[in-house]
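Whatever order the structure lists ligands and atoms in, that order sets their numbers, starting from 1. Numbering of residues begins at 1 and proceeds along the displayed sequence.
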Amino acid sequence: MTITLHTWNTPNGRKISVALEEMELPYTVKTVNIGKGEQFEPDFLRISPNNKIPAIVDPDGPGGQPVSIFESGAILLYLGEKTGKFLPPSLRDRIPVLEWLMWQMGGFGPMPGQVHHFRAIESEVDRRYGLKRYSDETHRLYGVLDRRLAEVEFVAGELSIADFAILGWAWRHERHQVELDRYPNVKRWYNVLSARPGVKRGFAARLDETVA
Ligand SMILES: N[C@@H](CCC(=O)N[C@@H](CS)C(=O)NCC(=O)O)C(=O)O
C-alpha cells in the first residue's frame, strides 16, 4: 500500500519527493498540472482545498485507516512522525526543527516565490517595486540561513525535515537570482545535501511530463 503524491515539478513539490526518498517510503506520483488548472478539479480539491500542490494520500494512515494531507509542512511532519526519521522524538530536540520548518513555510518560499512572479512581469513599471522588495527580503533570508549554517551542520543540528523544506526552495536559487557564492555556508550545506543519494532520487523523480 503505497502513498500517492499529488504534485508538480515545483519547490514545494520537490520537498516531498526528497523526503519520501530519504525516508525510503514507496510512493506513486499523480501529477497535477497547475499550468493547466488541474489543481481546481473537484477530486483534487477534496484532498487539497486550497488548490495547491503538494498533497498526499496514505492508505495506511493512523489506526491503519487512509488519510489525506495538504500543506507541505504538515506533510513533512506527518512523514517524520510516521517513520520516526528526520524528526527527533525529544521535544527539546524537536524545537529547532519546528522553528526552521516554520521559518521556511512563512518566509523562505513565499518571498522567493514572489521574486519568481515579479521577474515574469513584462511592464518595468509594474515589476520594479515588487521585484526589489521581494529580492531584498529573499537576500535577507539567505543571510539568516547563512549565519545559522555557520554554527551548525544542518539547520536543526541533525539532518531533519526542515532541511528538506528549505532545500526545495534553495534548489531554485538561480530562478530567484541568488548566487550561492555570496552565502558560503548555505553553499556548503546545499552541496552536502545535493550529494545524498536520497536527495538525488527526490530531484530526479518525474513530477511532470517533461522532467525525467
Ligand atoms: N503553503 C503551501 C504552498 C503550496 C504552493 O504554493 N503550491 C503551488 C506550487 S509551488 C501551487 O500549487 N500553485 C497553484 C495555485 O496557486 O493555483 C505548501 O507549502 O504546500
Tell me which protein heavy atom sits closest to [atom], plus the residue, atom name and distance to 0.1 Å.
atom	value
atom 20 (O) of ligand 1	Ser72 N, 2.8 Å
atom 2 (C) of ligand 1	Glu71 OE1, 3.2 Å
atom 10 (S) of ligand 1	Thr10 OG1, 3.1 Å
atom 3 (C) of ligand 1	Asn12 ND2, 3.6 Å

| query | Considering only heavy atoms of Pro54, which atoms of ligand 1 have at least one such atom less than 4.0 Å away? | reply |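 Near Pro54, meaning under 4.0 Å from one of its heavy atoms, ligand 1 has 20 (O).
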| query | Which of the atoms in ligand 1, numbered in the order shown and given with their element, are less than 4.0 Å from a heavy-atom of Gln39? | reply |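 Going through ligand 1 atom by atom, the ones under 4.0 Å from Gln39 are 14 (C), 15 (C), 17 (O).
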| Will you find, in the side chains of His176 and Tyr134, an N or O donor that is under 3.5 Å from an N or O acceptor? |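 No, because no side-chain N or O of His176 sits under 3.5 Å from a partner of the opposite role on Tyr134.
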| said: Looking only at the side chains, is there a donor atom on one of Ser72 and Lys15 sitting less than 3.5 Å from an acceptor on the other? | reply: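 The answer is yes; a qualifying pair exists.
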| field | Stepwise side-chain hydrogen bond (donor to acceptor under 3.5 Å, both in side chains) test for His173 and Tyr142 | value | CA-CA 10 Å; His173 59 274; Tyr142 270 90; 5.3 Å; no
| task | Could you see which bit of Asn51 sits under 4.0 Å from ligand 1, with heavy atoms only: side chain, backbone, both or neither? | result |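 Answer for Asn51: both.
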| Checking side chain to side chain contact (heavy atoms under 4.5 Å, CB included) for the pair Trp100/Arg148: CA distance, chi angles, key distance, verdict? | CA-CA 10 Å; Trp100 288 95; Arg148 174 65 177 168; 3.4 Å; yes
| said: Out of Val32, Ile16, Ile53, who is nearest to atom 7 (N) of ligand 1 when you count heavy atoms only? | reply: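 When every heavy atom of Val32, Ile16, Ile53 is considered, Ile53 comes closest to atom 7 (N) of ligand 1.
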| message | Quick test of your reading of the structure: of His6, His116, Lys52, whose heavy atom lies closest to atom 16 (O) of ligand 1? | response |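 Looking at heavy atoms only, the winner is Lys52.
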| query | Would you say Lys85's side chain and Glu24's backbone share a donor-acceptor pair under 3.5 angstrom? | reply |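 No: the side chain of Lys85 does not pair with the backbone of Glu24.
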| request: Say whether, by atom type as modelled, one donor and one acceptor occur between the side chain of Arg14 and the main chain of Gly168 under 3.5 angstrom. | output: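 Side chain of Arg14 to backbone of Gly168: no pair is present.
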| task | Could you tell me if the ring centre of Trp171 sits under 6.0 Å from that of Phe203? | result |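 So the answer is yes for these two rings.
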